[in-house]
2 protein chains.
Amino acid sequence: MRGERTRQAVLDCAVSLASVEGIDGLSLARLAQTLGVSKSGLFAHWPDKQRLQLAIVEHARQQWIEEIVRPAMDSPAGLRRLWALHERRMAFYEAGTLPGGCFFAAVAPELDDRPGPVQDAVALANDAWMDLLERVAAQAIEVGEMRPGTDVGRLAFEIQALGEAVVVHSHLLRRGDSYAYSRAAVLDRLRGLATDPSILPEA
Amino acid sequence: MRGERTRQAVLDCAVSLASVEGIDGLSLARLAQTLGVSKSGLFAHWPDKQRLQLAIVEHARQQWIEEIVRPAMDSPAGLRRLWALHERRMAFYEAGTLPGGCFFAAVAPELDDRPGPVQDAVALANDAWMDLLERVAAQAIEVGEMRPGTDVGRLAFEIQALGEAVVVHSHLLRRGDSYAYSRAAVLDRLRGLATDPSILPEA
DNA sequence: AAACAATATGACCGACCGGTCGCTAATATT
DNA sequence: AATATTAGCGACCGGTCGGTCATATTGTTT
């Protein structure tokens with residue numbers, strides 16, 4: 001179908017725009033204009049704005065999996081995979097794929113106090129990411145690369161915090177060194193927990 | 001003047017609302033309605049929305065200084081003061097003073113790609129906070145409480161990241177453990193850098 | 001080629017946006 | 001007590017918001 005092509009084009013553009021304007025601040029007229037289509041044309045594919053927003057969140061989640069999670073899975077299970085998840089995230093941000101840096105970094109603070117289906121979708125995606133970090137960290141313990149007794153929940157929180165902070169730090173404060181800070185902080189933390197730090201890159 | 005009283009009331013309410021809705025999403029009609037005043041009454045104090053937004057940012061900055069920075073200054077210069085800054089921040093968030101948790105956590109991601117006077121004001125406030133963290137960290141080195149050679153810029157970034165992440169984590173994902181995670185992460189980090197960890201609280 | 005659905009358009013709607021204006025009510029000064 | 005000034009209100013403006021609808025233009029199927 002040709003409709004599917006435009007559907008993807010709309011979602012691609014919407015994720016980009018939402019990374020800058022937010023998912024609620026993004027107006028349908030503006031989205032349509034950027035795409036060069038008519039505003040009412042959007043309603044041919046989604047019944048209302050909320051359904052479109054849900055599709056946008058899902059699209060952003062797919063992009064996240066495709067560009068960050070999947071490539072990181074090439075690294076061997078354990079500490080190196082955990083590090084790869086963070087490194088791929090940094091690379092994704094640095095590449096400037098999204099003008100706002102990160103869809104979820106822009107949308108999560110916007111929706112964190114506005115209950116509803118869209119918030120649920122974003123929370124679910126965010127939760128899945130946290131779970132992934134925890135699972136990979138737990139694997140690192142299982143394969144003997146990370147010290148037993150490590151609080152994987154807390155470690156996941158730290159990696160997430162150091163990863164997300166880069167977006168605001170580099171865009172608002174225009175400090176390019178935040179990428180290096182974030183990488184060094186996560187790497188040092190992982191090396192400190194490693195049974196054999198030499199499997200991780202140098203600081 | 002009586003006008004000054006309402007001015008403060010408006011700004012108080014505006015900071016609260018903006019911590020939820022954002023500073024651009026906050027509409028004048030909604031702000032006026034929440035306060036029980038007429039929308040046009042707001043224009044008696046500020047010429048337009050942007051000027052009001054600038055006043056809101058300044059008010060939030062004052063609140064931050066009053067409730068976090070100033071109390072932390074009671075702690076002795078050095079590591080304990082650095083820890084107090086983070087602890088006061090956690091306490092401020094946990095107290096629920098602002099319904100959205102934090103004004104700057106809500107506003108920074110919203111404005112980080114929208115240049116203009118309001119962005120500049122937020123960036124300036126954020127920068128001042130980062131500078132404060134760095135200065136206090138540098139003091140910790142000077143007084144011999146922290147290992148020389150510590151990258152204070154990076155340490156400030158880490159503390160800021162671990163502090164800000166709590167807001168989204170606790171509100172969007174409704175995970176209460178994020179406060180404990182954040183405290184433990186910062187405390188462990190500081191103890192690792194301390195020449196005498198015993199001056200800091202137990203983990 | 002005809003028929004039919006999927007895809008897109010432009011005109012239009014009520015609601016709300018930021019902002020203006022003329023006016024009234026409260027306050028401060030004399 | 002009279003006056004000058006500030007504080008605040010209600011009505012209204014052009015513009016944009018999300019959303020509807022009748023209609024035209026595709027693309028596919030027979």
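Bear in mind the structure is a predicted one, so any value in this text is a computation, not a measurement.
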- Task: Grab the CG-C1' distance between A:L28 and D:dG19 for me, whole Å please.
- Result: 9 Å
- Query: What residue among B:E67, B:M73, B:E66 forms side chain to side chain contact (heavy atoms under 4.5 Å, CB included) with B:R70?
  - Reply: B:E66
- Task: Measure the acute angle between the ring planes of A:Y181 and B:F157, then classify it against the limits of 30° and 60° as parallel, tilted or perpendicular.
- Result: tilted
- Candidates D:dG8, C:dT20, C:dA8 - which lies nearest the side chain of B:H45: D:dG8
- Message: Can you tell me which nucleotide in C:dT20, C:dC17, C:dA8 comes closest to the side chain of B:F43?
- Response: C:dT20
- Message: Between the side chains of B:R7 and B:E58, is the shortest nitrogen-to-carboxylate-oxygen separation below 4.0 Å, so that they form an ion pair?
- Response: no
- Message: Out of the candidates B:H86, B:R89, B:H169, B:E164, only one should pair with B:S182 under the side-chain hydrogen bond (donor to acceptor under 3.5 Å, both in side chains) rule; please name it.
- Response: B:H86
- Please tell me which of A:R7 and B:D24 maps to the more 5' nucleotide of DNA chain C, matching each residue to the nucleotide holding its nearest heavy atom. A:R7
- Item | Heavy-atom donor-acceptor pair, A:K39 side-chain to C:dG10 base, under 3.5 Å | no
- Note on the structure: Of the listed D:dC17, D:dG19, C:dG18, the closest approach to the A:A29 side chain comes from D:dC17
- Message: Just the rounded figure in Å: distance from C1' of D:dG19 to CD of A:Q53.
- Response: 14 Å
- Message: Heavy-atom nearest nucleotide on DNA chain D for B:S38 versus A:Q50: which residue maps closer to 5'?
- Response: B:S38
- Checking only heavy atoms, does the side chain of A:S40 share a donor-acceptor pair with the base of C:dG10 at less than 3.5 Å? yes
